[in-house]
Amino acid sequence: PARIVVLASGTGSLLQALIEATRTDGYPATIVAVGVDRDCGATEHAAEAGVAHFTVALRDHADRSAWDVALTESVAAHRPDLVISAGFMKIFGPAFMERFAGRIINTHPALLPSFPGAHAVRDALAYGVRVTGSTVHLVDSGVDTGPILAQEPVEVRVDDDEAALHERIKIVERRLLAEVVAAVALRGVVSDGRKAVIPSE
Ligand code: GAR
């Protein structure tokens, strides 16, 4: 199976979904390590599952570039085929991008290119869109700009608040991310930098 390192900063529910997916029969990828940039729920999910985990916090490093290099080395030590950003809330630096470009998959809680950034659900609600959703994409050096691998819509309800809408989006994200990771692990991805295609079976 493909070796994946999962990076997270949050409660880790997407990580937990990947842990469960990788334990199903025939799933073509295995989580070799989980990395976080802060104390967060993801570490506990990793520990409970018996998965190796490490922390590379920005505040433990002299500057962003030292942090970038440390994160790159910590991830590289696990020799991943794919790196999955599952609620990792930091932008990757140049060292990280140079080492893993084309092999980093991110999930974002909006239909990109709408509502990039750290507050996608709040921004979608504030704008008043009737439909938002989930995007799984390859990471490039921009913020939520990389080639899209999969998207799925989620309807906004009139009485939605950020937490309720985010939870319905996450239900979609958990499944979509596991599906895309499996497809890329099995068949790879072809990208011209703008568009990406996972070859069909
Ligand atoms: C997910 O909705 C993910 O798409 C989002 O953080 C959440 C993590 O949930 N990521 C971003 O907003 C990145 N810009 P979790 O901690 O429950 O796995």
Side-chain angles (χ1 to χ4, degrees), residues 4-23 29 31 33-49 51 53-58 64 68 71 75 82-93 96-97 100 104-127 129 131-157 160-181 184:
I4 62 180
V5 168
V6 180
L7 298 177
S9 308
T11 64
S13 76
L14 299 180
L15 165 65
Q16 183 59 29
L18 281 174
I19 289 172
E20 285 161 22
T22 55
R23 285 180 170 167
I31 302 174
V34 171
V36 301
D37 67 318
R38 62 188 77 170
D39 289 332
C40 65
T43 307
E44 278 130 62
H45 286 296
E48 273 164 33
V51 175
H53 52 90
F54 58 85
T55 304
V56 184
L58 185 53
R64 230 183 149 85
D68 172 28
L71 182 68
V75 172
L82 295 172
V83 179
I84 313 301
S85 161
F88 190 66
M89 298 307 280
K90 285 225 162 40
I91 307 300
F92 297 118
F96 196 90
M97 290 310 303
F100 300 113
I104 314 166
I105 294 174
N106 180 49
T107 171
H108 184 76
L111 293 176
L112 292 171
S114 290
F115 313 117
H119 307 289
V121 181
R122 191 186 308 168
D123 294 347
L125 269 179
Y127 196 96
V129 291
V131 178
T132 181
S134 158
T135 302
V136 179
H137 67 97
L138 284 177
V139 174
D140 67 9
S141 52
V143 178
D144 299 327
T145 53
I148 290 169
L149 297 169
Q151 289 187 303
E152 235 177 80
V154 173
E155 268 185 44
V156 180
R157 296 179 185 158
D160 263 335
D161 60 13
E162 187 179 351
L165 178 56
H166 200 168
E167 186 47 39
R168 289 208 313 290
I169 294 171
K170 283 199 209 180
I171 290 169
V172 173
E173 289 191 276
R174 292 175 193 127
R175 173 177 44 76
L176 202 60
L177 181 62
E179 286 172 8
V180 170
V181 169
V184 173

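Just so you know, ligand 1 is whichever comes first in the structure, and atom 1 is the first atom listed for that ligand. In this text the structure is predicted, and so the values were computed from the model without any measurement.
- When each of Val184, Leu82, Ile105 is paired with Ile4, the side-chain contact (heavy atoms from CB on, under 4.5 Å) condition holds for Leu82 and for no other.
- Of all heavy-atom pairs between Val36 and Ala42, the closest is CG1-CB, 4.0 Å.
- The aromatic rings of Phe92 and Phe88 lie parallel to each other, their planes meeting at an angle below 30°, with 60° marking the opposite boundary.
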Point to revise | Criterion side-chain contact (heavy atoms from CB on, under 4.5 Å) on Val6 and His45, from CA distance to verdict | key: CA-CA 12 Å; Val6 180; His45 286 296; over 6 Å; no

Just the distances, no angles: every ligand 1 N or O to protein N or O pair closer than 3.5 Å, one line each.
from, atom 1, to, atom 2, distance (Å)
ligand 1, 2 (O), His166, NE2, 2.7
ligand 1, 2 (O), Glu173, OE1, 2.6
ligand 1, 4 (O), Thr107, O, 3.2
ligand 1, 4 (O), Glu173, OE1, 3.3
ligand 1, 4 (O), Glu173, OE2, 2.4
ligand 1, 9 (O), Lys170, NZ, 3.2
ligand 1, 14 (N), Gly117, O, 3.4
ligand 1, 16 (O), Thr11, N, 2.8
ligand 1, 16 (O), Thr11, OG1, 3.1
ligand 1, 16 (O), Gly12, N, 2.9
ligand 1, 17 (O), Thr11, OG1, 2.6
ligand 1, 17 (O), Ser13, N, 3.2
ligand 1, 17 (O), Ser13, OG, 2.6
ligand 1, 17 (O), Lys170, NZ, 2.7
ligand 1, 18 (O), Ser13, N, 3.0
ligand 1, 18 (O), Leu14, N, 2.8

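- Under the salt bridge (charged side-chain N to carboxylate O under 4.0 Å, His left out) criterion, Arg175 pairs with Glu152, Glu179, sequence neighbours left out.
- Between Val56 and Lys90, the closest side-chain pair of non-hydrogen atoms is not below 4.5 Å.
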